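Since the structure comes first, as C-alpha cells, the remarks are kept for the end.
Chain naming here is simple, since letters A, B, ... match the order of the sequence lines and numbering starts at 1 in each. As the structure is a computational prediction, the values presented were derived from the model and not from experiment.
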Amino acid sequence: MEVTETWYLLLSALLFALGATGLLIRRNPLVMFMCVELMLNAVNISFVAFSNALDDLSGQTAVFFVLVVAAAEVVVGLSLTVAVLRRRPEATADDIASLRG
Amino acid sequence: MLIAQEFVRPIIDWHGVAPELTLLAIGAMVTLVDIIWNEKAQRIIPTLTGLGFLAALLPVLTLWSDRDELPRVMWDGAYVVDEYSLVLKGLFLVSAYVVVLLATNYMHDGDYYEGEFYQLVSASVVGMLVMTSARDLISIFVAIELISIPAYLMAAWRKRDLKSNEAGLKYMLMGVFASALMLYGMSLLYGFAGDTRLAAIAPALRSSESIPLITLAVVFVVVGFGFKVSAVPFHTWAPDTYEGAPTPLTAFLAVASKAAGFVALMSVVIVAFPEQSGVAEPLLWVLAAVTMTVGNLIAMRQTNIVRMLAYSGIAQAGYMIAPLAVFGDVPSSAARAIVIYLVIYAAMNLGAFAVVITAARKTRSGEISSYGGLFQYAPGLAVLMTLFLFSLAGIPPFGGWYAKYQVFLVLVEPATTAGYVLAAIGAVNAVLAAFYYLSIMKQMWFMPEPNGDHTRVQITPSLQAALAITAIVTLVTGVLPGVIPDVGDLVVALP
C-alpha cells in the first residue's frame, strides 16, 4: 500500500482534533499549552503535505514561520504559566477564576 | 521533486516600508536607552516612544502626498501599500501615541517596569503596520502574532496581582488557540489554491471543486479572526483580560489590537473570498447579529466600568462585522464603512478610557457607583465623558452617529432581505446600548459623591493631551465627516 498525501492530511486532521479536544477538556494550564502546540504542529504537517503534493515551496516556507512563532509563543506561555503557578502552586484552569466572564 | 530555483533578490521599495523601518529603529533605540541609562532614563522613555510613533507618521504622510505612485506592490504582491493601508497605518500610529500618553503616569506611579513596556508596545505596533499592507497568508499570520505575543506579556504586566496574571494566561491560551484554528484554515486554503497570496487564492478557489473542504477552510479562518476581534461566542477572554490587565493596555487591546483583527478579517474576506460569499456572508451575518445583541445585553448588567466598556466594545465589534455580511455585492463600500467605523471607534473609546484612567487617579476604583458626583468636583471630565458616551451611543452630532449611519447605508445598499433585517437588529441594539451609556451619565450628573470627598482630580499633562486629541477627533468626525480620507478600493492586483 502506498502512502499518499491523503494519509498525511488525515494524520494532520487527527492530531489537530486531538489537540483541540485536549485544550477544551484538560484543566492543567501546562497540558492545555501542550495541546495548542500539538495543533500548531498538525498545521505544519498539513502545510508540508500540500507543499509536496503541489510541488510548490511556499508551503514549506510557511512551516518555518510557524515554527519560529510557536517557539516565541512557548517562551511567553511558559513565563506566564510560571508567574501564575508561583503564586498558586497546583492551580488548575478552574482555580484561575477570580475573574468571571 | 522540488526544483531548486535561482535566487532572485526582490526589489524593495524603501519609501514604501519606511514607516515600519522607522518604528523598528525607534523600538531598538528605546531598548538601548533603557539598557544604557537604566534608572535615569525612566522619565524620558515614554516621551521618546511617543515621539517615535509621531516620527513614523512622517513617512506615512509623505507616502500619502505621493499618491500618484500608489499602489506600491512589493514581494510579488504579498505586500501592498495603497490608500487603504496608509489610512490604517495613520490610525494605528495615532492610537498608539494616545495609548503611550495614557500609560505614562499609570506605569510610573504603579512602579511597574517601564522601559520594557514601551518596547513591547512598539513591537506590537510594528505588527499592526505590517498587517495593513499584508496581502499574503504568511505575512498576515506573522503580523497577527507580532501584535499578539507582546500583548500577552503586557496583559500580565502587574505581575504581583493574581488578576493580572490570570488575564495574561487566559488571553494567551485563547489567542494561541485562535491562531491555530486560523492557521489550519490557511493551510487548507493553500492546499486548494497552491499559493499563499490572497489575490491568487481568489481565482484558484473559483475553479476548485472540493466545496465542503473550502467551506471548512473559510469557517476556520473566519472563526480564528472572530476570536481576535472578540465576536460572540468567541468573546469570553475579553472582559476578563480587560479587567485584569493594566488599564492603558486595556485601551490598547480594545482599540488598536481589535482594529488589527478587523484589518486582517477585511483583507482576507474581501480579497480572497469574493467567490465564497455564499459561505462567508451567512456566517458573518450570524456573528454580527449575535455579537451586537449579546454584547449589549451583558453590558447592561455590569457594575465595573472597564468590564462595561469591554462588553460595549464587543457590541461595537458587531456593527463593524455587519458590513461584511453583505460584502459580496458591495465590497468597496463595506471596506470603507468599516475603516470609518474603526477611526471613529478608536477616538471615542480611547477617550472613554482616558476619562476612566483619570478618574481612577482619585477614586482608585473601577466601579460605576464611584462616578457619583463627578460633575461637582470635576465638571470638565464629566462633560468630556458625556461627549464620548453620546458618541458611543450614536447620538448626533458626535462621531459615533456617522459611523453607524455608514454601516446602515451599506446594509441597505444591496436591497436584500438579509441586509434589511441586520439593519433592523442594529437599530434595536442602538437603543439598548443608549440605556447603559445613559446610566453612567446619571451617576456622573445627578448622584452624590459616595464618600463626600470633593477634592479635585489632578489631570496630568499627558492625560490632558490624550483627552484633547480624542475629544477633538470625536467632535470633528461627527460635524465634518468628510475629513476622514477616502480609502478607495483594496488593491488586489498581482504584478
Side-chain angles (χ1 to χ4, degrees), chain A residues 5 9 12-13 16 19-20 23-24 29 32-33 35-66 68-70 72-73 75-77 79-81 83-88 91 93 95-101, chain B residues 1-5 78 136-139 141-142 144-146 148-150 152-153 155-156 159-173 175-177 179-188 190-197 235-244 298 307:
Chain A
E5 272 81 22
L9 291 178
S12 140
F16 189 82
L23 183 80
L24 297 176
M32 290 167 82
F33 195 56
C35 290
V36 173
E37 292 301 312
L38 196 59
M39 292 168 77
L40 288 176
N41 283 319
V43 170
N44 282 344
I45 295 179
S46 154
F47 264 121
V48 171
F50 278 127
S51 169
N52 201 34
L54 294 164
D55 229 0
D56 178 75
L57 269 179
S58 51
Q60 298 186 27
T61 323
V63 172
F64 279 104
F65 283 101
V66 177
V68 171
V69 165
E73 259 158 6
V75 173
V76 170
S79 61
L80 288 176
T81 316
V84 169
L85 293 186
R86 208 185 256 167
R87 320 230 102 217
R88 313 235 342 229
D95 300 329
I96 308 173
S98 46
L99 294 163
R100 279 259 170 233
Chain B
M1 282 179 70
L2 295 161
I3 304 145
Q5 290 158 345
D136 176 283
L137 293 179
I138 301 174
S139 42
F141 167 69
V142 172
I144 216 164
E145 293 303 316
L146 188 52
S148 305
I149 294 177
Y152 303 149
L153 285 170
K159 69 171 189 177
R160 290 177 202 84
D161 185 344
L162 202 59
K163 274 189 179 177
S164 188
N165 293 340
E166 186 183 327
L169 191 66
K170 274 187 179 166
Y171 183 32
M172 191 272 297
L173 280 174
V176 180
F177 179 58
S179 301
L181 286 180
M182 184 184 78
L183 261 183
Y184 195 67
M186 285 179 173
S187 79
L188 292 179
Y190 165 69
F192 295 119
D195 205 315
T196 53
R197 288 168 299 170
H235 68 288
T236 46
W237 60 271
D240 289 357
T241 302
Y242 287 7
E243 189 188 344
I298 306 183
R307 289 184 80 87

[X] versus [Y], closest heavy-atom pair with distance:
{"X": "A:Phe33", "Y": "B:Met172", "result": "CE1-SD, 3.5 Å"}
{"X": "B:Gly194", "Y": "A:Leu54", "result": "CA-CD1, 3.5 Å"}
{"X": "A:Val76", "Y": "B:Tyr152", "result": "CG1-CB, 3.9 Å"}
{"X": "B:Tyr190", "Y": "A:Asp56", "result": "OH-OD2, 2.9 Å"}
{"X": "B:Val142", "Y": "A:Phe65", "result": "CG2-CD2, 3.5 Å"}

Contact between [X] and [Y] at the side-chain level, heavy atoms closer than 4.5 Å - yes or no?
{"X": "A:Glu73", "Y": "B:Ile149", "value": "yes"}
{"X": "A:Met39", "Y": "B:Tyr184", "value": "no"}
{"X": "B:Leu169", "Y": "A:Thr81", "value": "yes"}

Please flag which part of [X] lies under 4.5 Å from any non-hydrogen atom of chain B: side chain, backbone, both or neither.
{"X": "A:Val75", "result": "neither"}
{"X": "A:Ala13", "result": "both"}
{"X": "A:Ser79", "result": "side chain"}
{"X": "A:Phe16", "result": "side chain"}

Given side chain to side chain contact (heavy atoms under 4.5 Å, CB included), test B:Leu183 with A:Phe47 step by step and report yes or no.
CA-CA 10 Å; B:Leu183 261 183; A:Phe47 264 121; 4.1 Å; yes
side-chain contact (heavy atoms from CB on, under 4.5 Å) with B:Ser187: which of A:Ser46, A:Ser12, A:Ser51?
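Exactly one option meets the side-chain contact (heavy atoms from CB on, under 4.5 Å) with B:Ser187, and it is A:Ser46.
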Measuring heavy-atom distances to chain A, does [X] have an atom under 4.5 Å in its side chain, in its backbone, in both, or in neither?
{"X": "B:Leu137", "result": "neither"}
{"X": "B:Phe141", "result": "side chain"}
{"X": "B:Leu146", "result": "neither"}
{"X": "B:Ile138", "result": "side chain"}

In Å, rounded to the nearest 0.5 Å, how long is the span from CG of A:Leu80 to CG of B:Leu173?
9.0 Å
